[in-house]
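Take a look at the structure set out below.
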Amino acid sequence: MIETQIRAAGPISLSTYMRLCLTHPTLGYYKNADPLGASGDFITAPEISQIFGELIGLWIAGTWQALGNPPAIDLVELGPGRGTLMEDAMRVISQVPGLPAAIRLNLVETNAALIREQQKRVLQYQPRWITELSHLDDSTAPLIIIANEFFDALPIKQFQKAKGVWHERLIGIRDDQRSWGLSPTPLPAETLPEAIRDAEDGAVWETAFIAQEVMGGIAERIVKRRGALLAIDYGYEKTQTGDTFQAIEKHGFADPLAHPGKADLTAHVDFEALGSAATRKGASAHPLQTQARFLSALGISQRTESLSKANPGMVETLDAATSRLIGTDQMGTLFKCLCVTSPGLKPYPFDGSLPEA
Ligand code: SAH
């Protein structure tokens with residue numbers, strides 16, 4: 001299918017390749033199987049420990065309070081996977097007086113297999129499944145939006161510097177194989193971010209224009225209705241060069257061009273660019289925090305301890321899971337938390353109460 005398109009119309013952009021591989025209506029990776037968990041291709045934080053979702057639940061409760069306990073809010077999760085995060089979060093939320101009655105739960109998902117998984121876990125909270133945020137535009141209630149490992153799955157474009165000039169990297173066919181090449185059309189230097197203009201020949205720069213567009217739409221709605229977005233993902237703090245496009249298949253790295261539709265394709269998130277997409281729409285983007293700092297501020301150690309006391313046989317498993325989430329050599333610093341809010345809103349721990357990192 002991809003070959004046919006390339007043969008008919010020439011080399012394609014990486015964003016087109018990613019879109020086809022991930023969301024093609026019948027062959028796309030995110031249209032079919034359940035990719036998550038031990039038997040799938042990769043494992044995510046909520047699948048590692050129930051504490052992850054529980055602490056997000058706590059964060060949602062704190063944010064609702066920071067908003068002044070509004071009687072109605074739209075709680076939204078982007079790409080809820082198997083629904084594990086929201087199941088754990090809602091268990092905590094259910095104990096907060098006034099909050100369960102205020103929440104309308106909305107899950108943004110396009111994968112039918114994952115919707116079935118989500119139904120198993122959160123049906124009791126009567127969620128609505130939607131395919132895009134605009135489906136909520138009938139309401140004016142404040143928004144609280146959660147996105148764990150969502151932005152990394154949106155298509156990117158790559159550019160490479162050759163002989164002092166930037167060109168888009170394209171996917172074509174050479175010797176009957178999918179292969180990388182450069183677009184002959186150079187990119188005007190003034191359209192590139194300052195941070196990368198002086199890069200060496202061979203450097204690769206990535207731009208997640210779709211993620212930025214999605215963020216822009218979120219920010220506009222948050223500014224209008226008040227509220228907050230919490231995005232957790234692997235990525236880097238400042239716009240920089242580097243090829244982070246990767247394929248994960250059966251818990252290992254694979255060649256991203258080898259098995260279209262069979263591997264998860266992602267790229268690291270440029271949090272500076274993502275934050276700017278929000279501030280351009282008038283929203284506030286709070287200083288980024290590492291996952292370790294964020295989860296520690298919300299009490300991951302205390303929660304691990306109290307769960308361990310209640311389940312003495314599980315101490316090692318619980319400790320190992322917590323180390324995986326906050327260990328600096330594991331997910332603790334690679335994963336970062338971006339909080340975007342309507343102006344003036346400062347949910348804990350983005351309220352400046354933590355000492356400087
Ligand atoms: N948040 C979950 C799942 C992460 S995997 C977890 O932490 O376990 C990425 C999720 O985003 C999946 O649910 C996938 O179906 C969804 N997704 C990916 N691309 C999407 C798109 N373009 N539109 C809507 N959902 C998408």
Side-chain angles (χ1 to χ4, degrees), residues 15-25 27-57 60 75-90 105-122 127-136 145-156 208-215 217-218 229-235 246-249 251 261 263-269 291 294-295 321 324-325 331 334-337:
S15 55
T16 308
Y17 180 77
M18 278 183 89
R19 185 170 49 77
L20 288 169
C21 288
L22 294 176
T23 57
H24 181 274
L27 303 167
Y29 180 76
Y30 277 125
K31 287 293 169 182
N32 299 302
D34 168 7
L36 287 146
S39 59
D41 289 310
F42 57 98
I43 190 158
T44 55
E47 305 296 330
I48 291 171
S49 170
Q50 70 181 73
I51 299 177
F52 186 80
E54 289 170 353
L55 296 180
I56 304 273
I60 293 167
L75 175 60
V76 183
E77 188 175 1
L78 306 177
R82 297 162 116 186
T84 311
L85 186 161
M86 202 39 85
E87 179 184 31
D88 296 333
M90 289 304 291
L105 179 59
N106 307 275
L107 304 176
V108 180
E109 181 60 74
T110 51
N111 174 326
L114 287 179
I115 289 178
R116 283 192 294 278
E117 288 296 319
Q118 293 156 20
Q119 283 169 339
K120 285 186 207 162
R121 292 178 182 84
V122 295
R128 300 197 307 177
W129 275 271
I130 55 177
T131 50
E132 50 184 288
L133 217 51
S134 62
H135 297 162
L136 299 179
I145 304 176
I146 307 294
N148 187 58
E149 287 205 38
F150 172 75
F151 283 104
D152 66 72
L154 301 180
I156 61 159
F209 64 107
I210 294 177
Q212 290 171 30
E213 214 173 282
V214 171
M215 177 59 100
I218 290 171
L229 158 82
L230 176 67
I232 306 178
D233 229 307
Y234 42 90
Q246 64 185 32
I248 303 278
E249 208 175 333
H251 297 272
D264 186 35
L265 301 180
T266 69
H268 285 212
V269 172
Q291 175 164 299
F294 174 78
L295 294 177
R324 201 161 161 191
L325 293 180
M331 299 171 78
L334 174 61
F335 280 73
K336 300 179 177 69
C337 307

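Start at 1 and go down the list; that is how both ligands and their atoms are numbered. All values reported here derive from a predicted model rather than from experimental measurement.
Interface atoms of ligand 1 facing Leu154, defined by a heavy-atom separation under 4.0 Å, are 22 (N). Every atom of ligand 1 is numbered from 1 in the order shown, and the set under 4.0 Å from a heavy atom of Pro46 is 6 (C), 7 (O), 8 (O). Interface atoms of ligand 1 facing Gly81, defined by a heavy-atom separation under 4.0 Å, are 2 (C), 3 (C), 13 (O). Close contacts of ligand 1 with Thr44, meaning ligand atoms under 4.0 Å from a residue heavy atom, involve 6 (C), 7 (O), 8 (O). Interface of Gly79 with ligand 1, defined as ligand atoms under 4.0 Å from a residue heavy atom, comprises 1 (N), 2 (C), 3 (C), 10 (C), 11 (O), 13 (O), 16 (C).
Of the protein's non-hydrogen atoms, the one nearest atom 9 (C) of ligand 1 is Glu149 O, 3.4 Å. Among protein heavy atoms, the minimum distance from atom 7 (O) of ligand 1 is reached at Asn148 ND2, 2.7 Å. Ranking the protein heavy atoms by distance from atom 13 (O) of ligand 1 puts Glu109 OE1, 2.7 Å first. Closest to atom 20 (C) of ligand 1, if we only count protein heavy atoms, is Phe150 CE1, 4.0 Å. Regarding atom 19 (N) of ligand 1, its nearest protein heavy-atom neighbour is Tyr30 CD1, 4.1 Å.
Here the straight-line distance linking atom CE of Met86 with atom CD of Gln118 works out to 10.0 Å at 0.5 Å rounding. The distance from the CZ atom of Phe335 to the CG atom of Leu325 is 9.5 Å, given to the nearest 0.5 Å. The structure places CG of Asn148 at 7.5 Å from CD of Glu77, a figure rounded to the nearest 0.5 Å. Interatomic distance, Gln291 CD to Lys336 NZ, rounded to the nearest 0.5 Å: 10.0 Å. Of the inter-residue distances, the one linking Thr84 atom OG1 with Glu47 atom CD reads 3.5 Å to the nearest 0.5 angstrom. In this structure, the separation between CG on Leu107 and CD1 on Ile130 is 8.0 Å, given to the nearest 0.5 Å.
Of the candidates Asp264, Thr23, Asp41, Asp41 is the only one forming a side-chain hydrogen bond (donor to acceptor under 3.5 Å, both in side chains) with Tyr29.
With contacts defined as side-chain heavy-atom distances shorter than 4.5 Å, the pair Leu230/Phe294 qualifies.
Of the polar atoms of Glu47, none of the N or O atoms is found under 3.5 Å from an N or O of ligand 1, judged by distance alone. An N or O contact shorter than 3.5 Å is missing between Asn111 and ligand 1 by distance.
Listed for the Asn106 side chain is a donor-acceptor partner under 3.5 Å among the backbone atoms of Leu75.
Residue contacts with ligand 1 include Leu114, since one of its heavy atoms falls under 4.0 Å from the ligand.
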